[in-house]
Amino acid sequence: MAVSFKELGLVNTREMFKKAMAEGYAVPAYNFNNMEQLQAIIMACVECNSPVILQISKGARQYANQTLLRYMVPGAVAIAREAGSRIPIALNLDHGDTVELCRSCIDNGFSNVMIDGSALPYEENVKITREVVEYAHPRDVTVEGELGVLAGIEEHVSSETHHYTRPEDVEDFVKRTGVDSLAISIGTSHGAYKFKVKPGQPIPPLRFDILEECAKRLPGFPIVLHGASSVLPEYVEMINAYGGKLENTAGVPEEQIKKAVSLSVCKVNIDSDGRLVMTAIIRKYLAEHPSEFDPRKYLGPAREALKEMYIRKCQMLGSAGRGG
Ligand code: G3H
Ligand code: 13P
Ligand code: ZN
């Protein structure tokens, strides 16, 4: 039986984004795949009083089991409320690739869905996005669309290639689809290898000119930045110090994220930094405690480090203290 996000104590992104735009900060959208990540996100956002978008990819949904997730999320909301927190919490499908998947998530309590038709020809992207909006809006679920393709995970394109958003398309796309927010491509990509730079070389600036032009054409409209992990060097170093092999990683410097936020970005997607923190702490713990085999012993410290990292991100995005 279908369940509405409202029954789960969640909110859609409409008011969240309105407040973020008015007050000049961005709402964090953190991905999770398991209990420890979800606990870390919720505890961090409660502690620093930040609104939050919990994010589940198609892969996460398959990994964690959609029914289990359906019950975990209200559990996370309950933890926040028991702690006396009123922070708004949304649940988003990250990179939905079909209308059917989006519908299924809407029917299972998601409050926002992303339909990512960005690799499709423009008219097909409009069509599929419109179809999702037509199902979502009568249920009060908000929808994120995407124009322009990020290099990397959006697999139809070579990982070398960015297809930047064409600002001349954005008004037409928003008008014809009815989306509530729009992800754009300005030079970020998913994962830990976002830029090809030699060690010590500066990270090139994102295409802020494209962002500014999109914002000018869509005044007051929520813009979303994907691929926003900084690929935290201290955790990459920790991974490598304890047997890992991550070479030539590069993320988006926090100064650039802050600049994007000042130019109308009001949702910032972060996944890889959480993966790095978790992997680094677990590697270190196991290397230093070779006879330990209780998962709580290494997942506990990983969860604690994750929480601290999410608090720092909320402070960086300006969402800390804005939970109402
Ligand atoms: O945008 C991609 C997110 O980092 C999710 O990645 O599909 O491996 O869960 P995933
Ligand atoms: P990162 O890989 O930079 O964390 O980006 C995550 C993302 O955009 C999820 O949609
Ligand atoms: Zn993404």
Side-chain angles (χ1 to χ4, degrees), residues 13 16-21 23-31 50-55 57 90 92-96 112-116 118 142-154 162-167 169-170 173-174 179-195 203-232 250-274 310 312-319 322:
T13 57
M16 267 186 177
F17 289 162
K18 207 188 273 180
K19 186 167 182 289
M21 301 281 290
E23 297 178 18
Y25 63 89
V27 181
Y30 299 135
N31 291 68
S50 170
V52 66
I53 299 170
L54 302 170
Q55 215 158 243
S57 69
N92 177 41
L93 167 67
D94 193 24
H95 295 282
N112 190 87
V113 290
M114 176 192 191
I115 173 71
D116 180 358
S118 62
T142 40
V143 179
E144 175 182 329
E146 179 166 342
L147 270 180
V149 185
L150 273 69
I153 199 171
E154 292 168 5
H162 289 283
H163 293 259
Y164 296 113
T165 303
R166 288 161 30 96
D169 290 338
V170 297
F173 186 80
V174 166
V179 280
D180 303 279
S181 59
L182 183 68
I184 60 168
S185 172
I186 57 167
T188 62
S189 60
H190 295 98
Y193 304 93
K194 299 188 191 300
F195 305 97
I203 302 291
L206 300 176
R207 289 291 304 271
F208 294 111
D209 56 323
I210 296 178
L211 172 55
E212 275 182 292
E213 191 54 35
C214 292
K216 205 161 90 188
R217 288 168 186 259
L218 296 172
F221 188 82
I223 294 178
V224 179
L225 187 65
H226 283 245
S229 280
S230 304
V231 188
L232 301 159
V252 188
E254 295 196 341
E255 287 316 309
Q256 294 203 34
I257 302 288
K258 284 191 200 170
K259 182 165 176 183
V261 172
S262 76
L263 298 171
S264 285
V265 164
C266 69
K267 172 175 179 267
V268 170
N269 283 18
I270 296 173
D271 186 359
S272 296
D273 280 340
Y310 288 129
R312 287 201 307 276
K313 294 284 181 191
C314 292
Q315 289 164 344
M316 186 261 298
L317 297 174
S319 65
R322 313 281 187 161

Can you check side-chain contact (heavy atoms from CB on, under 4.5 Å) on Leu54 and Tyr30, steps first, answer last?
CA-CA 6 Å; Leu54 302 170; Tyr30 299 135; 6.0 Å; no
Would Ser319 and Val27 count as a side-chain contact (heavy atoms from CB on, under 4.5 Å) here? Give the steps.
CA-CA 6 Å; Ser319 65; Val27 181; 5.7 Å; no
Kindly indicate, with the supporting measurements, whether the criterion side-chain contact (heavy atoms from CB on, under 4.5 Å) is fulfilled by Val252 and Ile203.
CA-CA 7 Å; Val252 188; Ile203 302 291; over 6 Å; no
Main chain of Leu150, side chain of Ser189: is a donor-acceptor contact present, judged purely on distance under 3.5 Å?
no
Quick one: closest heavy-atom pair of Glu254 and Ser230, and the distance?
CG-OG, 3.4 Å
Pairing residues for Phe17 by the ring pair (Phe, Tyr, Trp, His ring centres under 6.0 Å) criterion, not counting sequence neighbours:
none
Take the angle between the ring planes of His190 and His95 and call it parallel below 30°, perpendicular above 60°, tilted in between.
perpendicular
With sequence neighbours left out, what residues match Tyr25 under ring pair (Phe, Tyr, Trp, His ring centres under 6.0 Å)?
none
Kindly say whether Val149 contributes a backbone atom to a donor-acceptor pair with the side chain of Ser185 at under 3.5 angstrom?
yes
Note: Leu211 and Ile186 closest approach over all heavy atoms is N-CG2, 4.0 Å
Under the criterion side-chain contact (heavy atoms from CB on, under 4.5 Å), I'd like the reasoning laid out for Glu144 against Leu182: C-alpha separation, chi angles, the key distance, then a yes or no.
CA-CA 6 Å; Glu144 175 182 329; Leu182 183 68; over 6 Å; no
Within the side chain of Asp273, is there an N or O that forms a donor-acceptor pair under 3.5 Å with the backbone of Leu232?
yes
Lys194 vs Ser229 side-chain heavy atoms within contact, under 4.5 Å
yes
So, Asp94 versus Asn31: side-chain donor-acceptor pair below 3.5 Å or not?
yes
Evaluate whether atom NZ of Lys259 has more than 12 neighbouring non-hydrogen atoms of other residues, nucleotides or ligands under 6.0 angstrom away.
no
Would you check if there is a donor-acceptor pair between the side chains of Thr13 and Thr142 at a distance under 3.5 Å?
yes
